[in-house]
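Chain letters run A, B, ... following the sequence lines, proteins first, then strands; residues in each count from 1. All values reported here derive from a predicted model rather than from experimental measurement.
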Amino acid sequence: MIELSTATYSLYFKTKPMVLIDARHLTPDEFAGKKLTVIKNTVIREGGRKTSLSELFDIEGPEVAPSDPAQITIIFETGSNKLCFIGYKMSKGKIIVKGDAGHLVGYKMKGGSILVEGNARDYVGAKMRDGTIEIRGNVGHRLGGKLLGEKPGKGMRGGTIIVHGNAGSEIGVGMEKGFILVEGNAGNLTGSDIIGGSIVVKGDSGIYPGAGMIGGRIIIGGRVEALLPSFYVDSFIPSISVKGIKFDKPFMVFLGDVVVGGKGLLYLSYNENTGLLEYYRSLIEERGVEV
Amino acid sequence: MSEILIKNGIVFDPLNGINGETLDIAVKNGKIVDLSQINPSTALVIDAKGKVVMPGGIDIHSHIAGAKVNIGRLMRPEDHYLTNKPHKLPIRRAETGLTVPNVFRIGYDYARMGYTLVVEPATPPIKTRHTHEELDDIPIIDKAAFLLVDSNWLALDLITMGSRELLASYLAWLLSTTKTYSLKLVDPGSDITWVLTGRGIDIDDQIPAYNITPRDIIREMGYAAQLLDLPHKLHIHCNRLGYPGNYLTTIKTMDITKDIPRLSDTPVLHVTHVQFTGYKGDCWSTLESGGEDIAKTLRANPHVTLDLGQVILGRPSTTMTADAPFEYVLYHLTRWKWVNADTEVESAAGIVPYAYKKRSYVNTIQWVIGLEIALLTSDPWRVIPTTDHPNAGPFKDYPVMFSWLISRRAREELMKEVNQRALRKAVLPALETEFTLYDLAIMTRAAPAKLLGLGKFKGHLGIGADADIAIYDLNPKEVDPSREYEKFVKSFKRAWLVIKGGEIVVKEGEIVKTVYGKTYYAEPEIPVELKKELEAFLAKKFKEYYSITKDSFIIREHELRNPVKIPLETRIKG
Amino acid sequence: MSKTELEKAKAFVLNTGRSLMQGISMEEESKWSKKYFDAVAVVEMNPIDISSLGVRDRVKVYNEHGSIVLRVKPSNNVPPGTIFIPMGPWANMLTDPETDGTGMPRLKGVNVFVEPTDEPLTKLIDLLKALGAKQLEVYMEDAPLKTGDKKVVENVVCPFCGDLCDHLTIEVDGNKVVRNIGGCAISSAKFLNYHRHRILRPYIREQGRLVEVDLDKAIDAAADILAESKYPLIFGLASTDVETNRYAVELAELTHGVVDNTSVFCHGPTALAVQEVGAVRYTFGVAVHLADLVIFWGCNPLEAHPNHVARVVMREGRFVRGRKERKIVVVDARRTPTANLADLFIQIEPGRDYELLTALRMAIRDLDIEAPTVAGVPRDKVVELAEMMRTTKYGVIFFGLGLTMTGAKYKNIVAAIKLVQELNEWTKFGILPMRGHYNVAGSNQVSLWTTGYPYAVDYARGFPRMIIGMTSATDLLSNGDVDAALIIASDPVAHLPRKAVEHLSKIPVIVIDAKWSLTTAFADVIIPGAYVGIECEGSAYRLDEVPIRLKKVVDPPPCILCDSEVLRKLVEKVKAKKGVSS
């Protein structure tokens, strides 16, 4: 639904891109207050080649962009999994991709919203500070995470990411704050090295969710492939609700990762993991805590 | 090669006693020549009116190349993510990094400040080929490297055997096969102690597996350096680095000079980054500056020189040193990343990221120490300003460090932001000394050239010197650098013009040409009578100790890009 | 059996890896030879599985990536439920290109189905055609040998694996290598056969056929490809010297492309772990003189680094008198030949090393382990091993691709390094990766000092950056993100998953190599290079980062230049075409 005072720019790929494209300057913040002729000269990189927006895209939109980026919507009418750095550092406004996107969607985003109707690749929402990212398809790895070598806590620092499909490995790696929801399945090492924030995966997860976690909470609503011994069983709860997302079924709650002195909370759905969790349930019973 | 005439510059050339005179300088074929040797009508004329002219800067201690620097780069990708400078081909390659820059940035950033010769102060023999490969890729500057020898099993065997002549011959062989310049001791004896037991050691403790102490090592190495008549005798990082109370060890180390016979008139030993070993107090919360005591000891020991290892507050660093036990301690304080590397037969190293905070009590005391030593000693020929890059701060911050030495105001401005409890314990706020530009030229050009024994063609602007010249856009007749220190810092951060070996490489702080400098190394003469004994000793020990052949150990001249051999006559008797 | 039961019966886990015969045949003959086929196009299966499936002499192995028919070799070393195929193009029809954002594809622990079959064996030609090879002609020749002038060269350095043995004695007769004393079987195969199956001339592919051209024309064609591409990939580099690596980085910088080396699918994850937490290293001599506990984790040096155990474990040291004063522990998913050396063999469930490493970290700190087994290892065995590690005088771990390729990938190494860092509270301990190629460590070193990163470096924006998962060669090729490739001294067609190789059929490819690799079948320009360590001098870094200078033993064949010389010319040509000659 388009608000009345929104200016919309529609971009169409002229030809199918063959190499990675760096579209970091195609944001409402950068378009704000500019004439269309200037916008057409926005720098884009096609692989290592510096070029301009109009070389790669046909663009339609108002002659002059509003000076407030909150009023600008940019629509990539043709997506591409080569389209990287979409919404880089954006603070206001909206970006919609009617197709796939590449790496680093919403990297260092500060506000506004991004919607990708297809799939996206790695590092979606990495180091995001605020704003909303919604991906209708699947995403790659390090969703809402940090870059290699950075301290835990340098990942996502705020905002919301919703993935309707599946996500890959290391969701939220090094996250400090914020909320990530994956409606499908997750890969390995979900929520590794997080120091805060909430991660909810409705489907299954790969190996070792919460590896290295120091704080925060991770909820896995489906099957877990393997659990680390450094998570101590804490309790058994009949249901859980996180940010309005309800799971009406029992969960086993673990504290960890004890090798890093972590006090994070890992919630694993009981029914899909009875083989793995039966033993822990008996541990709690031995303790005399009511199940 | 082309001829250059630099006219009207305000010249500071302490090795030739020139203190701010307006003079012309002539360059021809990469050397400084008499004005009559060039043709002023065809030469390139540079009008340096109202600008300071100095010889190119010389850094005698900066970790710029080799195994520990490179693993430092590996463990600090976050240092690179935010500090990139795209290339400008063919003039300049791309640059990255702050505390552990890539080779191109190292050469360019030194050149931008007007530095033209830098010494890598610690390389272990078995990995020195790596050090040279990196040094070769650093553009513009000339270089040399100091060789780690204090925990070397062959040397310790010789010291225990009491074979002074053979020890000197072995060290001579080491220097020429590894193409290095001088002998480096790091927390002497602590690396072998660390590798064997996981602990460090103080100057009079016993070293495991040997019946000797670090004091013995320092004395014997000092003696060997005298026999070899090395231009730069001995470069020491004192024991107990990083421990509160270690200033006493530093004083004991400096006092060892009386046990080393002086066979020439050059300084007997050089204590490096003395700030790190100038701590008084018995724990971190009672830490105080040992600066006064060290300054006093320095004045009483005329044959000792030192460099500061000055802390730059508010800046990140990556500590890297062959003082592996100290780095293990620092790792426990920082609780983040740690690299340790034990190197067979020779040494060890540790790398730990760190950051110096203005508000920190300990960091403020550390900052105070270096400055107190410099200002209290007030001997620019013997106190060299360094930051032990990248341990106490990035070399890029040298101009800021200089401003603290030449401007009381600069110190006072920063003192407003530092930890006040620390400041109350320091002498620094009361110190009024301000070094002059002439003193600065001594500390960063003339003195290091002399200390390296390269004063004939480096560190001065007289006839015969290499044409390494730095021109700064600062007019001391109009601007008092001690009052307007920000202008001083700005002009010394980005030199107006830099000439290296007769080529203009920097203009207004930007690189305009990439050239490659030379690597100096010492080749001390081994008497023929000792060669056979040395060969037999080496053959036996290589087989027993090393995991590579002696053949692989030797670095040949053609492996280096631009090697310059400094042959030395020695005093070793066969 | 029901359908699902049938499906279950056929479901296996595939492991790949080096084998001694794979190494020897590759060096002795070429990858086009029958010997290589015999060594590599084979599946090792446990006899229990062979009989329960009713296998005769061959099986069809397939999954969503591909399908192949291979001869079966029974082996008790392969646990039931798993199969082993030596690394190579057959295995890679089945491996998973997914890198999990780490650059490391899933080359081990891959889910496959296995059926007995009578279909014809999958030949190399079939594979190459399926992958999209551009031409299948190979002009394999031996470099001409002239005998007569005998000499013995001492202290020769072997250019095969990361152990970089420098004690070889090579006897030559003219330019024929007659004897290799001190080298392992693979080293001998390499030296004695260095002259065989060589690329002796440059070629350009014209209208689907390889045409012989002179060097200048080939370099010009290669320079055109690189200068005109928008995002070229320069790859390989681990089997050549430091100087060549320098030029490769310069080339990537010039063309705003990517420079990556083979560590991306080998010990790249180890470098990622060092970026995260640091490292605790040692050189070989330290282990020789001090190590009283030696742990081989996820590696099989007896087959991949054949001289390693003798040089480092068996040798008498100053404070530890050789094997009798050292304890050897092997941790692996299968009982490798190296495991038979061990005082303690711990069989771990494949892909679950992270769990065992975590439990060890807990045991070191006397934290309770709640589960009765960890990764298939009983809890008290874990505690026993932890105690052994805590109380040793100097412990060393050598680890291999079992840790980098499976399960948590680079996080396995993070856990291993943290374990060793934590052990240093108690005693001395270190950990080293068993690097595969002789100069892969050197490729990382050169990359680090010129770019700040160990591999997977791109220059798209005119400065170096490494974003693993995005700039790694494996991901770039599997996703078709690059538009040209220069492959130097490497054979990605043999060693990368199918999807990555298929992209090479769609873009212009330049190959610089000494031998006819499988990648030449995808090349548009082929330029011969000479062998570092045999025909060219050059430096390389041993797996413990000790830098060693390799020697020239014989002259290269006529008109063949060393790799570094070829690249130097290529750099000059590209500079000219880009208008940035200095």
Hey, could you give me the [atom1]/[atom2] distance between [X] and [Y], rounded to the nearest 0.5 Å?
X	Y	atom1	atom2	value
A:His103	C:Asn479	NE2	CG	6.5 Å
A:Leu228	C:Arg352	CG	CZ	10.0 Å
C:Ile507	A:Met18	CD1	CE	9.5 Å

Quick one: closest heavy-atom pair of [X] and [Y], and the distance?
X	Y	answer
C:Tyr354	A:Gly212	OH-N, 4.4 Å
C:Ile369	A:Pro229	CG2-CB, 4.4 Å
A:Gly48	C:Tyr231	N-CD1, 4.0 Å
C:Ala408	A:Tyr208	CB-CD1, 4.3 Å

Go through A:Ser230, A:Pro152, A:Gly187, A:Ser192 and name the one with the most non-hydrogen pairs under 4.5 angstrom from chain C. A:Ser230
Donor-acceptor pair, distance only, cut-off 3.5 Å: does the side chain of [X] make one with the backbone of [Y]?
X	Y	value
C:Arg461	A:Arg45	no
C:Glu276	A:Gly149	yes
A:Tyr232	C:Asp368	yes
A:Tyr279	C:Glu370	yes
A:Lys82	C:Gly480	yes

Check the pair A:Leu20 / C:Thr471 against side-chain contact (heavy atoms from CB on, under 4.5 Å), numbers first and verdict last. CA-CA 10 Å; A:Leu20 295 181; C:Thr471 58; over 6 Å; no
Quick check on [X] against chain C: is it the side chain, the backbone, both or neither that has a heavy atom closer than 4.5 Å?
X	result
A:Ile207	side chain
A:Leu227	backbone
A:Leu189	side chain
A:Glu225	neither
A:Val43	neither

Test salt bridge (Lys or Arg N to Asp or Glu O under 4.0 Å) on C:Asp481 and A:Arg121 and set out the steps. CA-CA 12 Å; C:Asp481 294 330; A:Arg121 293 171 72 177; 2.8 Å; yes
I want to check something: taking the side chain as every heavy atom from C-beta on, are A:Glu170 and C:Lys409 in contact at a cut-off of under 4.5 Å? no
When you compare the side chain of C:Lys418 with that of A:Val260, does any pair of heavy atoms fall below 4.5 Å? no
Using heavy-atom distances under 4.5 Å, tell me whether C:Val482 contacts chain A through its side chain, its backbone, both, or neither. backbone
Around atom [atom1] of [X], are there more than 12 heavy atoms of other residues, nucleotides or ligands at under 6.0 Å?
X	atom1	result
C:Lys381	NZ	no
A:Lys50	NZ	no
A:Arg157	CZ	no
C:Lys575	NZ	yes

Most heavy-atom pairs under 4.5 Å with chain A, out of C:Pro372, C:Ala359, C:Gly257, C:Gly462, belong to C:Pro372
For chain A, which of C:Met466, C:Met362, C:Glu422 has the most heavy-atom pairs under 4.5 Å? C:Met362
Go through the steps to decide whether C:Lys411 and A:Asp193 satisfy the test side-chain contact (heavy atoms from CB on, under 4.5 Å), and finish with yes or no. CA-CA 11 Å; C:Lys411 287 229 190 284; A:Asp193 300 331; 3.1 Å; yes
Please say which of A:Asp122, A:Leu148, A:Leu104 ends up in a side chain to side chain contact (heavy atoms under 4.5 Å, CB included) with C:Ile467. A:Leu104
Between C:Ile468 and A:Arg142, does a side-chain contact (heavy atoms from CB on, under 4.5 Å) hold up when you go through it step by step? CA-CA 10 Å; C:Ile468 196 75; A:Arg142 293 217 190 86; 3.6 Å; yes
